[in-house]
Number of protein chains: 2
Amino acid sequence: MDHSFLDQASGGRGEEQETRERILSAARQLMAQKGYKGATTRKISELAGVNEVTIFRHFKTKVAILEELLKDILDVREQLEKGLEGEFTNVKEMLITYAKTYYHLLVERKEILMICLVEADNHPEVVKLFSSLPMTAVDVLCAKLAEFQEQGHLPKSDPCTPALMFISTFFYAFMAKYRVGLDVSIINDEEKLYEHASEILLEGIKRA
Amino acid sequence: MDHSFLDQASGGRGEEQETRERILSAARQLMAQKGYKGATTRKISELAGVNEVTIFRHFKTKVAILEELLKDILDVREQLEKGLEGEFTNVKEMLITYAKTYYHLLVERKEILMICLVEADNHPEVVKLFSSLPMTAVDVLCAKLAEFQEQGHLPKSDPCTPALMFISTFFYAFMAKYRVGLDVSIINDEEKLYEHASEILLEGIKRA
DNA sequence: CAACCATGCAAGCAACTGCTTACATTCCTG
DNA sequence: CAGGAATGTAAGCAGTTGCTTGCATGGTTG
C-alpha cells in the first residue's frame, strides 16, 4: 500500500503508463479524424489494442479522455516568446524564425487542434483553445514588431494587420496540409514559404 | 396527372417547396454547428418544425440531405473571375475588390463550409470541396497578378506566395469570426482589413 | 363530393453507444 | 507461495439514432 504513489509514477506492473498512453494516443488520433462522437470507445479500444473495459478503468468517462487530451494545448505564449529571445541581425531573420516556431507549434499539436476545430459546438470551451494559439501568435508578433519600430528598425504604423497576415498565411498552410491533405508546391515547400512570405511582409511593412 | 411537373416547380399545395426548404435549412444550420452526426434527424425535424417522418418522405436517407446541401458550393471560379472583370485604375483597387468578393463568397457559404470542415473524414469527398474555394481563389488571383506583371504594372516575380498570403488572411479572418466567434477589432473592422492588407501586399510585391 | 396529396401521429425495430458488473487470467512483489 | 494489481472476457442495460409502417387528418383540385 505504501508504494501506491510509485505505481502512478512509474507503473507498478511496468505497463500501467503504457496502456494509458496507448488509450490517449488512440483517442487523439480518432477524435482528430472522426470527431468526438465518431471516436467511439469501442473503436478507441481496438486501435489501442486494449479491451474496452480497460478504458473505463483508466478514465471515468469518455469526456475525461477529451479533457486529458486538451491539456496539451496550453502554455503557448511562453514558447512563442522563447523563440524570439535571441538578438536578430535584421527583421527578416526574425520573421523567418518566428514563422518556423509558430508552424512547428501548430504541427506538433495538430491532432488536438483538429479536435478543437471539430468539437467546436459540442464542447464550447474548446473553441477558445483552438483560436487561442493563432491569436496569441498574432499578439506576440505584434509586440515584437512594435518593439522594432521603437528601436527605429521599422517605420511606425499599425503592426496588427501585418501580424495577422503573417500568422494567417502559416495557419492556412497548416490547415491545407494537415487537415485537407492538399498536395501543392506552395504549401509543401515550407522553407521557401518562410523566406518569401517574410520578405513580402517586411517590404510591405516598410512602405505601407 | 398532367400537371405533375408543376407540382415540383411551384408546389401543388403551395407548401411542398417550403417544407423541403425548411428541412434543408435546419439541416444546414445544425450540421454546421454540431457536425453531421450531431445533427440527428430528430433535431432537424424539431428545428424545421416538421415531423421526423416528413424528412424521410422528402429525402431517402440522411446522407441525401448532406449531398443536397453540398451542391451549393460549386461554381466558385466563375464568380471570382466575374468580380475581376472591370478595368482598375490601380492594383490596390483591384486587390480590395477581390478581397471583398472572396470574403463575401465565404460568408455566403459559411454553413456549408463549416460542414465540409467538420465532416472531413467521415465523408472524404467534402474535404476537397472545402479546400477548393480558397485554392481556386489563390489560383485566380495568381493569374490576375501575372497579368498585371505582363502589362508592366508590377515587377516580375512569383505571384503565388503573395496570392496565398492574401487569401489566407481573409480565410483566417472568416474562420475566426464565423467559426470561433472571435470578437476582436482587427477582424471585425473588415473595411480596414481590406484596405490595409491590400496596401501591405502591394508594397510587398513591388519590392520583394 | 370524391380522389389525392402532403403531413401529422404513434409505435417500433435493429444497430450502436457509453458504461457497468461479475468473473477469470496473468504477472509482479513481498 | 500468497496477495494484489492490471488486464481480458462475456454479458448486458438503458438511451439514442436512422429509418419504417400503418393510420388519421386536412387542404386542394377535378
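Chain naming here is simple, since letters A, B, ... match the order of the sequence lines and numbering starts at 1 in each. Computation of the quantities below employed the complete heavy-atom set of this structure, encompassing side-chain atoms and omitting hydrogens, waters and symmetry-equivalent molecules.
- Pairs of residues two or more places apart, or lying in two chains, that qualify as side-chain hydrogen bond (donor to acceptor under 3.5 Å, both in side chains) and include a residue from residues 194-205 of chain B are A:T161-B:H196, B:K92-B:E195, B:K92-B:E199, B:E203-B:R207.
- For A:E46, the side chain to side chain contact (heavy atoms under 4.5 Å, CB included) criterion is met by no residue, not counting sequence neighbours.
- Note: CZ (B:R20) to C1' (C:dC5) measures 17 Å, nearest angstrom.
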Using a cutoff of under 3.5 Å, can you pull out all pairs of nitrogen or oxygen atoms linking the protein to nucleotides 12-19 of chain C, with atom names and distances?
from: C:dG18; atom 1: OP1; to: A:K62; atom 2: NZ; distance (Å): 2.5
from: C:dG18; atom 1: OP2; to: A:T41; atom 2: N; distance (Å): 2.8
from: C:dG18; atom 1: OP2; to: A:T41; atom 2: OG1; distance (Å): 3.0
from: C:dG18; atom 1: O6; to: A:R42; atom 2: NH2; distance (Å): 3.3
from: C:dC19; atom 1: OP2; to: A:K62; atom 2: N; distance (Å): 2.7
from: C:dC19; atom 1: N4; to: A:R42; atom 2: NH1; distance (Å): 3.0

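- Residue A:I55 contributes atom CD1, which lies 15 Å from atom C1' of D:dA6 at whole-angstrom precision.
- Listed by chain and number, the residues in a side chain to side chain contact (heavy atoms under 4.5 Å, CB included) with B:A173 are B:Y103, B:I187, B:L193 (sequence neighbours excluded).
- Distance check, rounded to the nearest 0.5 Å: CZ of A:R28 to CD of A:Q33 gives 13.0 Å.
- Between B:T19 and C:dT7 there is a side-chain polar atom (N or O) within less than 4.0 angstrom of OP1 or OP2.
- Atom C1' of nucleotide D:dT17 and atom CZ of B:F59 are separated by 19 Å, given to the nearest angstrom.
- Note on B:V53: a base of the nucleic acid sits closer than 4.0 angstrom, heavy atoms only.
- Checking the phosphate oxygens (OP1, OP2) of C:dT7, no side-chain nitrogen or oxygen of B:N51 falls inside 4.0 Å.
- Judged as a side-chain hydrogen bond (donor to acceptor under 3.5 Å, both in side chains), and not counting sequence neighbours, the contacts of B:R77 are B:D139.
- Residues passing the ring-ring contact (aromatic ring centres under 6.0 Å, His included) test with A:F148 are A:H153, sequence neighbours excluded.
- Using five terminal pairs a side, the axes of the helix from C:dC1-D:dG30 to C:dG30-D:dC1 at its two ends make an angle of 10°, given in steps of 10 degrees.
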Side-chain donor-acceptor contacts of residues 60-73 of chain A below 3.5 Å, not counting sequence neighbours, with atom names and distances?
from: A:T61; atom 1: OG1; to: A:A64; atom 2: N; distance (Å): 3.4
from: A:K62; atom 1: NZ; to: A:Y36; atom 2: O; distance (Å): 2.7
from: A:K62; atom 1: NZ; to: A:A39; atom 2: O; distance (Å): 3.1

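- When rounded to the nearest whole Å, the span between CZ of B:R22 and P of C:dT7 equals 9 Å.
- For the pair A:H58 and D:dT7, the criterion of a side-chain N or O lying under 4.0 Å from OP1 or OP2 is met.
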Distance-only check: which donor-acceptor pairs under 3.5 Å involve side-chain atoms of residues 49-57 of chain A, not counting sequence neighbours?
from: A:N51; atom 1: OD1; to: A:V53; atom 2: N; distance (Å): 3.0
from: A:E52; atom 1: OE1; to: A:R42; atom 2: NH1; distance (Å): 2.6
from: A:E52; atom 1: OE2; to: A:T41; atom 2: OG1; distance (Å): 2.8
from: A:E52; atom 1: OE2; to: A:R42; atom 2: NH1; distance (Å): 3.2
from: A:T54; atom 1: OG1; to: A:N51; atom 2: O; distance (Å): 3.4

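- A distance of 12.0 Å separates CD of A:E111 from SG of A:C116, quoted to the nearest 0.5 Å.
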